[in-house]
Amino acid sequence: MTVTRKLRMGMVGGGPGAFIGPVHRMAAELDGKIELVAGAFSQSPERSREAGESFRIDPHRAYADYREMIEVERKRSDAIDFVVIATPNYLHLPVATAALDAGFAVVSDKPATATYEEALVLEKAVAKAGLPYALTHTYAGYALVREARAICATGQLGRIRKVAVEYLQGWLSQPLEKTGQKQAAWRADPALNGPGGCIGDIGVHAFHLLEYVTGLDVTSMNATLRTVVPGRRLDDDCSAFLRLENGASGVLMASQVAAGEGNGLRLRVYGEAGSIDWRQEDPNHLRVKWMDGPEEIRHAAGGYLSEDARAVTRLPGGHPEGYIEAFAVLYREFADAMIAWRAGQSNPLPETLPGIRAGVRGMRFIERVIESSRTESWVKF
Ligand code: NAD
């Protein structure tokens, strides 16, 4: 089947004042392949309606609740094609399974679920439904992350020996959750967030980036979680030693009490012959250092970049691309996969697009870090 129209998206979450919902909307629509037509944007029916109005969608399709959205949409001849989940974590599993059961594909924000047990339930639901499922680990959409991944895959660095990944933020250095700040409030509540605080919010991104770029699985870890801000109910700081499947060692640092830091995600990979260094706050440059050659700084849009990096570049060199464009790369890959799936391809999701495997591994990682910290010991993955 040739798709001659835009794919129709129904969003859960992303109402007034939300952080990531608006990013999803901008990113999904950037390439002109997807349009927002419906949503249950808030737990408040009134705010969901208001949001629908501000997004200029049909007022009848701004629903009071995600269950209502799924029930009503499945009966429409112009129904949504997929559901986007941009809510606090505890809703990821119920919304995803309700959507999949009704025959809708899913794009979910991370972490895939609130707990590892839930991730196993989701994995089964995705397999049973046979529908596309994508997970928005944003950083996988940057051209120079794709370049770093391609460098590792070609073996140019030689055997990978050491990986250092850090994700440092400072915004939770004070008990912000006690002020009613929306994003901090649910993240500090185990019932809404799940058991991993900083480790579940940003540690999971760092873990994903490490595995995504190196192509190596983490096999064991020894981690320490701390709650630095008094009275906080979940961890806000993590240090972990990792072992990778090829015997390499890794260090992962994640903190939300690193005062002064913004969104300090950085990955360094060291092989026998050289190393790479990428920072999210300078995403259009990738540093590559060789044992026996000068340091290179690769620029986004360079004609010399790998095919994978060039495939996700939109602008000529020197025109910076950033967070929204990276997010949009994931949506573009998802849209293309949806079109292929509708045309009968059974497994259309590209390897470059994080999916259910990444979701389950991320939740396992959070669970294992908590266990390692609790037992003060190395644990197998
Ligand atoms: P947020 O608090 O800003 O937004 C959550 C939204 O969900 C709000 O609009 C809220 O009204 C809505 N909501 C809550 N309960 C609902 C319900 N029952 N029905 C419909 N809507 C409901 O949170 P956020 O920071 O945008 O985070 C949302 C999700 O996105 C989290 O899972 C978080 O981990 C993830 N996230 C991912 C990234 C990334 O880099 N990919 C960045 C930030 C957040």
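Atoms within each ligand, like the ligands themselves, are counted from 1 in listed order. Since we're looking at a predicted model, the values are computed, not measured.
- Ranking the protein heavy atoms by distance from atom 17 (C) of ligand 1 puts Leu91 CD1, 3.6 Å first.
- Shortest contact from atom 20 (C) of ligand 1 to any protein heavy atom: Ala40 O, 3.3 Å.
- Listed by number with element, the atoms of ligand 1 under 4.0 angstrom from any heavy atom of Thr138 are 39 (C), 40 (O), 41 (N).
- Because its NZ or CZ atom is both nearer than 6.0 Å to the ring centre of Trp378 and within 45° of the ring axis, Arg243 counts as a cation-pi partner of that residue.
- Summary of contacts: the protein heavy atom closest to atom 4 (O) of ligand 1 is Ala18 CB, 3.5 Å.
- Close contacts of ligand 1 with Gly13, meaning ligand atoms under 4.0 Å from a residue heavy atom, involve 7 (O), 12 (C), 20 (C), 21 (N).
- Within ligand 1, counting atoms from 1 as listed, the ones closer than 4.0 Å to a heavy atom of Tyr323 are 39 (C), 40 (O), 42 (C).
- For His92, the closest heavy-atom approach to ligand 1 falls below 4.0 Å.
- A salt bridge is defined here as a Lys NZ or Arg NE, NH1 or NH2 lying under 4.0 Å from an Asp or Glu carboxylate O, and Arg8 with Asp78 fails to meet this definition.
- Polar contact check, Ile20 against ligand 1: a nitrogen or oxygen pair lies under 3.5 Å apart.
- For ligand 1, the polar-atom distance check against Pro111 finds no nitrogen or oxygen pair separated by under 3.5 Å.
- The existence of a salt bridge linking Glu296 and Arg298 is confirmed by a sub-4.0 Å separation between a basic side-chain nitrogen and an acidic carboxylate oxygen.
- Using a 4.5 Å cut-off on side-chain heavy atoms (C-beta onward), Val269 and Cys152 make contact.
- You'll find the ring centres of Trp278 and Tyr142 inside the 6.0 Å limit.
- In this structure, Tyr63 has its ring center no closer than 6.0 Å to that of Phe41.
- Rounded to the nearest 0.5 angstrom, Asp336 CG and Trp341 CH2 are separated by 15.0 Å.
- What sits closest to atom 43 (C) of ligand 1 on the protein, heavy atoms only, is Phe19 CE2, 3.2 Å.
- Put simply, no part of Arg47 is less than 4.0 Å from ligand 1, judged by heavy atoms.
- At least one cation-pi condition fails for Arg310 and Tyr304: the charged atom is not both under 6.0 angstrom from the six-membered ring centre and inside a 45 degree cone around its axis.
- Ion pairing of Lys380 with Glu245 is absent here, as no side-chain N (NZ or NE/NH1/NH2) approaches a carboxylate O to less than 4.0 Å.
- Both tests hold for Arg364 against Tyr116: distance to the six-membered ring centre under 6.0 Å, angle to the ring axis within 45°.
- Nearest-heavy-atom check against atom 5 (C) of ligand 1 across Ala86, Gly39, Gly200, Gly194 picks out Ala86.
- Scanning the protein heavy atoms around atom 33 (C) of ligand 1, the nearest turns out to be Lys110 O, 3.6 Å.
- With respect to Arg357 and Asp217, a salt bridge is recorded, a charged nitrogen being found less than 4.0 Å from a carboxylate O.
- At under 3.5 Å, a nitrogen or oxygen of Gly15, whether backbone or side chain, sits near a nitrogen or oxygen of ligand 1.
- Ligand 1 has no atom lying under 4.0 Å from any heavy atom of Tyr66.
- The Ser42 neighbourhood of ligand 1 comprises atoms 11 (O), 19 (N), 20 (C), 21 (N), 22 (C), with distances under 4.0 Å to a heavy atom of that residue.
- At a threshold of 4.5 Å between non-hydrogen side-chain atoms, the residues Tyr331 and Val84 count as touching.
- Looking at residues two or more places apart in sequence or on another chain, you find no side-chain hydrogen bond (donor to acceptor under 3.5 Å, both in side chains) involving Arg47.
- Among the atoms of Gln43, some N or O lies under 3.5 angstrom from an N or O of ligand 1.
- Taking a cut-off of under 4.0 Å to the non-hydrogen atoms of His205, the atoms of ligand 1 that pass are 39 (C), 40 (O), 41 (N).
- Within the hydrophobic cluster formed by Ile, Leu, Val, Met, Phe, Trp and Tyr side chains joined at under 4.5 Å, directly or through other members, Leu168 is accompanied by Met253.
- Arg187 NH2, 3.3 Å is the protein heavy atom nearest to atom 44 (C) of ligand 1.
- Look at Tyr63 and you'll find every heavy atom at least 4.0 Å from all atoms of ligand 1.
- The single protein non-hydrogen atom nearest to atom 23 (O) of ligand 1 is Trp186 NE1, 3.3 Å, given as residue, atom name and distance.
- Taking 4.0 Å as the cut-off, Ser44 does not count as a neighbour of ligand 1 on heavy-atom distance.
- For atom 8 (C) of ligand 1, the closest heavy atom belonging to the protein is Lys182 NZ, 3.7 Å.
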